[in-house]
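The analysis underlying the following values was restricted to heavy atoms, covering all of them including side chains, and did not include hydrogens, waters or symmetry mates. Counting from 1, the numbers follow the sequence of the chain as shown.
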Amino acid sequence: MKRSFYYFSTALLFFFCCTASAQHAPPFLNYMNSPWVDSVMKTLTPDERIAQLMVAAAYSNRGPEHQQEMLKLIQEHKVGGLIFFQGGPGREASLTNEYQAASKVPLIIAMDAEWGLGMRLDSTISYPYQMTLGAIQDNNLLYEMGTEVARQARRAGIHVNFAPVVDVNNNPNNPVINYRSFGENKKNVAQKGIAYMKGMQDHGVLTTAKHFPGHGDTGTDSHYALPQISHPRERLDTLELYPFRELINAGIGGIMVAHLNIPALDTSRVPSTLSKNIITSLLKKELKFEGLTVTDAMNMKGVTAGNEPGVVDRNALVAGNDVLEFTENIPLAIAEIRKAVKQGLITQQEIDNRCRKMLAVKQWVGLNRYRPVQIARIAEELNTPQAKLLSRKLTEASLTVLNNERNLMPLQALDTLRIAAVSFGTDKATPFQQTLSLYTDVKYFTVSKDATTAQLDELRTQLAKYNLVIGAVHDDGIRPTNRLTLSAQVQEFVSVLAAKPNVIMAVFKNPYVLDKLKDIELADGLVVTYQDNVNAQELAAQLIFGGISANGRMPVSVGTKYMAGYGLDVQGGIRFKYTLPEDAGMRSDILFGRIDSLVAQALNAKAIPGCEVFVAKDKKVVMYKAYGYQDYSDTVKVKRTDLYDLASVTKVSTGLPALMKLYDEKKYTLDNTLADYLPKFKGSNKADLPLKDILTHQARFQPWIAFWKNTLRKNGSYRWHTIKGDSSKNYPIKLKQNMYLHHKYPDKIVKAIRKSPLLKEKKYVYSDFFFILAPRVVESMIKEDFYPYIQRNFYAPLGATTVTYNPFQKFPKSRIVPTEHDFAFRHEPIHGRVHDEGAVMMGGISGHAGLFANANDLAKLMQMYLNMGEYGGKRYISAETLKEFSRTQFPELNNRRALGFDKPNLEYAGENNNTAKGASADSFGHTGFTGTFVWMDPQTGLVYIFLSNRVNPTRDNTRLYRLNTRTKIQQVMYDALIKSPL
């Protein structure tokens with residue numbers, strides 16, 4: 001269904017573009033002589049008909065005095081509409097209702113919402129600026145944006161959007177259009193203007209193309225002075241007027257006239273807003289525009305300078321404008337226009353026709369059936385997940401790669417890279433840097449815009465330690481102007497850095513700035529985002545690591561460095577994309593609402609002090625949250641970067657990936673026995689047990705042995721020959737401070753497993769035994785130690801830098817979540833070392849427990865499994881092997897287990913089931929004693945990770961199991977899937 005809609009939208013837009021040469025009438029003209037318009041006209045006095053042509057400026061962030069002023073204009077002078085500027089959506093909607101109730105004729109409500117309601121209102125969405133949109137190759141996205149802006153506008157009670165800007169910006173120094181333009185290519189400007197316009201008008205919002213006849217090639221801001229456009233008529237015809245002509249042909253409802261001095265169009269040098277030659281002769285007669293002609297704001301110096309209030313408004317109307325926006329003195333303007341009628345400068349018939357046009361617009365937008373704006377839930381309904389996702393999609397589609405030497409992006413071979421991320425123009429870590437570090441270990445550096453020589457010298461020394469540097473040039477302004485605020489020496493540092501090998505630069509600024517950054521074009525990788533915000537920063541980082549692709553094209557030329565239309569494609573989709581649930585076909589309200597509730601229930605019941613929850617679908621991370629505290633002292637909040645003791649999830653994260661890789665390499669078969677790899681097991685009762693039975697937990701092993709109890713005397717003290725208070729050659733295994741285990745004790749554990757009796761019946765009984773032995777089994781087939789082998793072959797190339805044994809050796813305790821208060825063996829709270837006694841007695845490195853990680857890094861390994869052995873453009877395990885290891889091997893024996901992996905119960909067991917009801921039979925994963933859970937589902941593309949320390953402060957706390965929190969959260973994932981229509 002989604003694909004069908006995409007093809008329909010594409011065909012629709014193609015139709016719009018291809019038929020632009022056949023002029024379409026503005027959509028409201030059919031109502032010019034409607035019964036409703038006729039009936040309203042009969043009620044209006046001549047002055048009220050004039051007032052209908054005026055749109056007054058209103059604000060929702062001003063006090064009662066302004067409110068009373070607006071009510072007076074509405075009640076006494078009967079203005080036709082309001083244009084809202086700064087404020088908030090709820091306040092504006094409330095005022096709109098009050099003003100509408102006071103008005104004789106329903107008011108047109110307008111707004112300058114070029115990039116959405118966020119241009120004027122707080123607490124609303126700002127979409128990318130038009131220059132950013134100019135880089136997008138898929139114009140359907142602009143139609144989608146127009147559709148969404150229209151939905152939000154109508155929800156807020158707005159009927160007219162003074163957008164899009166279709167000025168062709170071919171002057172880099174333009175102070176007023178610049179980033180508000182789609183760019184310098186007239187066809188690109190026209191096509192994107194049509195797409196955006198159609199999206200709005202097809203959904204009930206009238207649009208006005210601006211700023212006629214073209215404000216793109218000027219160095220003067222018409223808010224403060226009258227700009228002059230000196231080009232000949234031929235140039236204006238072929239360039240500046242081109243987009244307006246195309247939008248008129250496509251059916252644009254309105255056009256806004258700029259305040260410009262254009263001698264080639266009017267030798268009298270009056271502002272174009274007051275020029276009959278430009279408005280009546282050119283726009284209405286020559287270009288045959290029949291829609292609503294609107295002035296730019298009549299309080300701007302470009303039109304007011306040298307013109308008296310009221311008179312200037314009269315002259316604008318006489319010139320041919322239909323609507324006067326932001327008239328400074330409405331009573332005076334009405335009086336002057338009334339005099340103009342008497343003087344014969346404009347006829348009453350002309351006033352009436354324009355009044356009818358305004359009323360026709362009101363009927364077209366539905367004001368003949370006016371209903372007040374619903375205030376309840378307005379902010380929530382404006383800021384929907386779909387609306388937020390669209391903003392990210394637009395930014396993603398705009399990202400433009402200008403350099404990519406040696407196909408540096410997306411980054412490969414992460415295990416070979418030492419990465420530094422340097423952000424210029426900021427003094428704190430940025431979302432860009434934080435997103436980069438989701439993919440691998442990245443060292444942050446920040447450089448203020450006026451950094452000292454000493455600071456830059458120190459940074460230069462630090463960067464010499466890294467073989468890849470990712471630089472970012474940030475913008476400290478509200479708008480992306482084409483200026484640099486970095487000091488000269490910081491700019492010089494950026495230039496020198498860009499010229500070095502293995503440097504990627506991301507420029508979060510107006511693209512014209514590239515021409516001011518010396519040698520920026522020498523960077524091996526160069527990405528421009530056009531503006532600086534959280535979306536741009538996060539997505540640029542994802543692009544660099546291959547979470548997303550890039551195919552943006554420059555909308556403007558930058559000197560001789562890069563020409564308009566230039567850009568390189570970079571193929572992504574090889575690693576996680578961090579996004580919103582709707583991007584993966586899931587519902588945010590269900591996913592976040594219900595999971596937040598379930599976690600809150602567990603926290604309140606003290607089932608867990610805190611946790612991490614990670615959800616990905618189709619390699620799209622849609623939820624990654626940390627909840628609660630590290631323990632019940634309520635002092636240290638859990639962060640997403642914190643490491644948890646994975647307990648038995650270690651089994652599928654260390655020994656199992658090694659065994660699958662070695663199986664690929666034909667180092668063993670599943671029919672081999674334990675004795676084939678551990679000679680000491682020859683002659684034992686376990687000598688002939690095949691690995692297939694062992695890995696599926698039906699080899700008749702005992703579930704476990706409390707190995708630590710053998711270190712104690714009957715009185716509870718430690719055996720003197722087993723544990724000492726000081727380390728030495730014979731006692732190197734540190735269990736805690738002043739507690740060291742004999743170096744041969746791990747061999748005793750292996751011996752105890754070897755000598756343990758077998759269960760009588762061959763059936764599924766979960767046991768730790770084999771995975772305690774797994775490191776030794778693996779080492780028998782390789783030429784290195786177990787952990788370095790896992791690290792080199794899996795964690796390092798995956799960028800899973802927190803997945804580790806003995807985390808206290810690498811990370812501060814503040815990042816490691818504590819587990820149990822051990823009063824039986826170690827007699828202290830366990831923090832930084834493995835909770836499992838058997839694993840700590842193996843030196844912290846075992847195949848059954850001992851591994852720590854945060855959810856994000858662990859998910860990279862799990863996603864590799866779900867991808868059937870591939871992640872980040874690298875194959876780790878063959879698909880055939882993963883399919884074999886993740887399938888149920890002995891269902892006929894009522895054994896649900898795969899090879900190492902757990903599987904759903906063969907028959908759903910209700911609340912006590914080991915997985916959610918929605919989990920498919922193909923899904924697989926594992927759980928852990930400390931309250932951990934990992935699960936992958938090939939049928940839905942879901943990866944789910946739950947990390948907690950439910951054993952804090954004691955393992956006797958089983959509330960997490962009784963609440964069934966982990967599997968209930970898993971079911972929420974399935975409930976959140978958006979079902980495709982039949």
For this session: State plainly whether the residues Lys210 and Asp112 are in salt-bridge range, i.e. N to O under 4.0 Å.
Result: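 Salt bridge: yes.
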With [X] via side-chain hydrogen bond (donor to acceptor under 3.5 Å, both in side chains) - residues at least two apart:
X: Ser222; result: His215
X: Lys285; result: none
X: Thr132; result: Gln531
X: Asn315; result: none

[atom1]-[atom2] distance between [X] and [Y], expressed to the nearest 0.5 angstrom:
X: Glu184; Y: Asn174; atom1: CD; atom2: CG; value: 12.5 Å
X: Ile279; Y: Leu265; atom1: CD1; atom2: CG; value: 11.5 Å
X: Asp138; Y: Tyr143; atom1: CG; atom2: OH; value: 13.5 Å
X: Glu69; Y: Leu71; atom1: CD; atom2: CG; value: 10.5 Å

Does anything in [range] pair up under ring-ring contact (aromatic ring centres under 6.0 Å, His included), and if so which pairs, sequence neighbours excluded?
range: residues 34-62; value: Tyr59-His66, Tyr59-Phe85
range: residues 248-270; value: none
range: residues 91-133; value: Trp115-Tyr129, Tyr129-Tyr179
range: residues 218-245; value: Phe212-Phe244

Taking [Y]'s backbone N and O only, do any of them form a donor-acceptor pair with [X]'s side chain (distance below 3.5 Å, no angle check)?
X: Thr395; Y: Ser391; value: yes
X: Arg155; Y: Leu382; value: no
X: Asn329; Y: Gly310; value: no
X: Ser272; Y: Leu260; value: yes
X: Lys192; Y: Ile136; value: yes
X: Thr267; Y: Pro263; value: no
X: Gln130; Y: Ser181; value: no
X: Asp221; Y: Val176; value: no
X: Asn171; Y: Asn173; value: yes
X: Lys357; Y: Asp322; value: no

[X] versus [Y]: any side-chain heavy-atom pair under 4.5 Å?
X: Ile337; Y: Met54; result: yes
X: Gln75; Y: Lys104; result: no
X: Leu133; Y: Tyr196; result: no
X: Asp122; Y: Pro89; result: yes
X: Asn33; Y: Val37; result: no
X: Gln100; Y: Ile109; result: yes
X: Leu317; Y: Ile351; result: yes
X: Gln374; Y: Glu381; result: no

For [range], which residue pairs qualify under salt bridge (charged side-chain N to carboxylate O under 4.0 Å, His left out), counting only residues two or more places apart or in two chains?
range: residues 289-299; value: none
range: residues 329-348; value: Asp47-Arg338, Arg314-Glu336, Glu336-Lys339
range: residues 225-236; value: Asp217-Arg235, Arg233-Asp237, Arg233-Glu286, Arg235-Glu240
range: residues 260-271; value: none

Exercise. Is Glu308 atom CD crowded by more than 12 heavy atoms from other residues, nucleotides or ligands, each under 6.0 Å away?
Worked result: no
